[in-house]
Amino acid sequence: MAAMGRAARGWARSQPCALALAAAVAVCAFYYLGGGGETFSSATRRLRATPPAPAHRHPLRGAGEPAAAGGRDLHLLLMFTKAERSPALRAKGQASLRSLLRHGRLHAGDALHLHLVTEGASRDIGLGLLRDLLRGAAFRHQVIVHDVNELTEKLFPIVEAMQKHFSAGSGTYYSDSIFFLSVAMHRIMPKEITQIIQVDLDLKYKTNIRDLFDEFDNFPEGAVIGIAREMQPVYRHTFWQYRRENPQTKVGDPPPDGLPGFNSGVLLLNLEAMRQSKLYNQLLEPTMVQKLTEKYHFKGHLGDQDFFTMVGMEHPELFHVLDCTWNRQLCTWWRDHGYSDVFDQYFQCEGEVKIYHGNCNTPIPED
């Protein structure tokens, strides 16, 4: 997601030092160079003394009414920043939202609340885009705008300690906190919001978004987050040292029996369960993060995705694993970077695709 990284060098399995360097550089190159730098602010900022302002609600239809009796409030969050600099991002967002709304069929009384995390000129672009796309929609809906800098102020004290383990570059940057929004969403959103789905912009929807909200009903007891598996051997690579020291481990192995890690392109966040889970909140503490990163020799670059992956190795009971058809990733970068022999074991996905994910700027199939 961030605009950082260079192309990875080839790595040698027989040289641990070279492998460690490759693990850091290759993961960074794949996600941060491939992501095109289109999503988040990357400038270093300072905490401001003034408290954050509340989110701004923009009712585009239905006066921003909540769900009617018997209906359901559906909260969906998207990141939309730096759009004024990137026609590609605007086009990507427009295509994604158009497919979402084309297939969206809400029940009588439902209300769709679109949370837009944005800033500056991107705010006006995003609101204009949504206004056009939502014109004539037959269901209640509203847009709620969150300023990225105001959210960062709230997040920074919570996630500062973990950033050094899961952020690109050296040091801990204030602006990096937004990469961890999903990790601490339960402490940021109002208490009345009990569930929210966070999605990337490089998605194409092939089915009704309401069906994805129904997945919350399938969470097993103790689960707080719904997330699909990573479909490339990213974490086979990242956990190389732990895997070498523990040759019988399933960490980094492909499905169905392995633990390939997670992909955060589609995230179901049961905020109420996150608030109530003593275990999950303990895992946010700096001492726990340090303990797990030392155990797994973990150094990542992918923000919330790295955190969820590492925690999932230790506490899989916190996660409801979505079927791959809900986040059918298309990137094949790792096939050509050292893992062609095992790539297909991670990449295969049977069933009718519900959401395509064009990660690392991979083209999504046309209808």
Problem - is_close_aromatic(Phe307, Phe180), centroid dist under 6.0 Å - result: no
Exercise for the section: Heavy atoms only: give me the nearest Asp323-Thr325 pair and the separation to one decimal. Expected result: OD2-OG1, 2.6 Å
Handout entry: Donor-acceptor under 3.5 Å (Asn359 side chain, Leu330 main chain)
Key = yes
Practice task
May I ask you to decide if Asn327's main-chain N or O and Gln329's side chain share a donor-acceptor pair within less than 3.5 Å?
Solution key: yes
Handout entry: Whether over 12 other heavy atoms sit under 6.0 Å from Glu245 CD
Key = yes
Problem - Close side-chain approach of Leu318 to Ile225, heavy-atom, < 4.5 Å - result: no
Practice task
May I have the step-by-step check of salt bridge (charged side-chain N to carboxylate O under 4.0 Å, His left out) for Arg335 and Asp344, ending in yes or no?
Solution key: CA-CA 8 Å; Arg335 176 183 285 159; Asp344 288 339; 3.3 Å; yes
Handout entry: Ser122: which of Arg90, Glu84, Arg85, Lys82 passes side-chain hydrogen bond (donor to acceptor under 3.5 Å, both in side chains)
Key = Glu84
Problem - Close side-chain approach of Leu212 and Ile355, heavy atoms under 4.5 Å - result: yes
Practice task
Write down the atom of Leu271, the atom of Ile193, and the distance for their closest heavy-atom approach.
Solution key: CD1-O, 3.5 Å
Exercise for the section: Locate the shortest heavy-atom distance separating Lys154 from Ile158; write the atom from each residue and the value. Expected result: O-CD1, 3.7 Å
Problem - Gln305 side chain to Tyr235 side chain, donor-acceptor N/O pair below 3.5 angstrom - result: yes
Practice task
For Asn218 and His320, test the side chains for any donor-to-acceptor distance below 3.5 angstrom and give the result as yes or no.
Solution key: no
Completion exercise
Closest non-hydrogen contact found for Thr332 with Phe347 is CG2-CZ, 3.8 Å
Handout entry: Closest non-hydrogen atom pair between Ser177 and Phe156, with its separation
Key = OG-CD1, 3.2 Å
Handout entry: Heavy-atom check, side chain of Arg98 versus side chain of Gln94, under 4.5 Å
Key = yes
Handout entry: Separation between OG1 of Thr194 and CE of Met274, rounded to the nearest 0.5 Å
Key = 12.5 Å
Practice task
Of all the heavy-atom pairs spanning Leu283 and Val289, show the shortest one and how long it is.
Solution key: O-CG2, 3.4 Å
Practice task
Could you tell me how the ring of His337 sits relative to the ring of Trp334: parallel (under 30°), tilted (30 to 60°) or perpendicular (over 60°)?
Solution key: perpendicular
Problem - Rounded distance [0.5 Å steps], CD in Glu314 versus CE in Met288 - result: 7.5 Å
Identify every side-chain donor-acceptor pair in residues 201-211 under 3.5 Å, counting partners at least two apart or on other chains, and give the distances.
from	atom 1	to	atom 2	distance (Å)
Asp202	OD1	His357	NE2	3.2
Asp202	OD2	His357	NE2	3.4
Lys204	NZ	Pro365	O	3.0
Lys204	NZ	Asp367	OD1	3.4
Lys206	NZ	Asp367	OD1	2.5
Asn208	OD1	Arg105	N	3.0
Asn208	OD1	Arg210	N	3.1
Asn208	ND2	Arg105	O	2.7
Arg210	NE	Asp110	OD2	2.5
Arg210	NH1	Asp214	OD1	3.2
Arg210	NH2	Asp110	OD2	3.4

Problem - Neighbour count above 12 (heavy atom, 6.0 Å) for Arg102 CZ - result: yes
Problem - Flag side-chain contact, heavy atom, 4.5 Å: Leu267 against Met185 - result: no
Handout entry: hydrophobic_cluster_shared for Leu129 and Leu76, side chain cutoff 4.5 Å
Key = yes
Practice task
Report yes or no: is the cationic atom of Arg236 (NZ for Lys, CZ for Arg) closer than 6.0 Å to the six-membered ring centre of Tyr339, at no more than 45° off its axis?
Solution key: no
Donor-acceptor pairs are to be reported for all side-chain atoms of residues 248-257 against protein atoms at under 3.5 Å, with residues two or more places apart or in another chain.
from	atom 1	to	atom 2	distance (Å)
Thr249	OG1	Val251	N	3.0
Asp253	OD1	Arg243	NH1	2.8
Asp253	OD1	Arg243	NH2	3.4

Handout entry: Shared hydrophobic cluster for Ile197 and Leu134 (ILVMFWY, side-chain gaps under 4.5 Å)
Key = yes
Problem - Sole residue of Arg275, Gln276, His186 in side-chain hydrogen bond (donor to acceptor under 3.5 Å, both in side chains) with Asn281 - result: His186
Exercise for the section: Please state whether the rings of Phe319 and Phe308 are parallel, tilted or perpendicular, taking 30° and 60° as the class boundaries. Expected result: perpendicular
Exercise for the section: Establish, from distance only, whether the side-chain atoms of Gln198 and His115 form a donor-acceptor pair under 3.5 Å. Expected result: no
Exercise for the section: List the steps, then state whether side chain to side chain contact (heavy atoms under 4.5 Å, CB included) holds for Leu181 with Met79. Expected result: CA-CA 10 Å; Leu181 174 60; Met79 298 284 183; 3.2 Å; yes
Problem - Under 3.5 Å: donor-acceptor pair, side chain of His141, backbone of Phe139 - result: yes
Exercise for the section: Could you tell me how the ring of Tyr242 sits relative to the ring of Phe239: parallel (under 30°), tilted (30 to 60°) or perpendicular (over 60°)? Expected result: perpendicular
Handout entry: Minimum side-chain heavy-atom gap Met162-Leu284 below 4.5 Å
Key = yes
Problem - Side-chain (Ser99) to main-chain (Ser96) donor-acceptor, under 3.5 angstrom - result: yes
Practice task
Is it possible for you to say whether Leu97 and Ile364 belong to one hydrophobic cluster, with membership spreading through side-chain heavy-atom contacts below 4.5 Å?
Solution key: no
Exercise for the section: May I ask you to test the Phe343-Asp336 pair for a side-chain heavy-atom distance under 4.5 Å? Expected result: no
Fill in the blank from the handout: Given the options Lys354, Glu352, Met231, Arg328 meets side chain to side chain contact (heavy atoms under 4.5 Å, CB included) only with Met231
Handout entry: Check: Phe166 ring centroid to Phe298 ring centroid under 6.0 Å
Key = yes
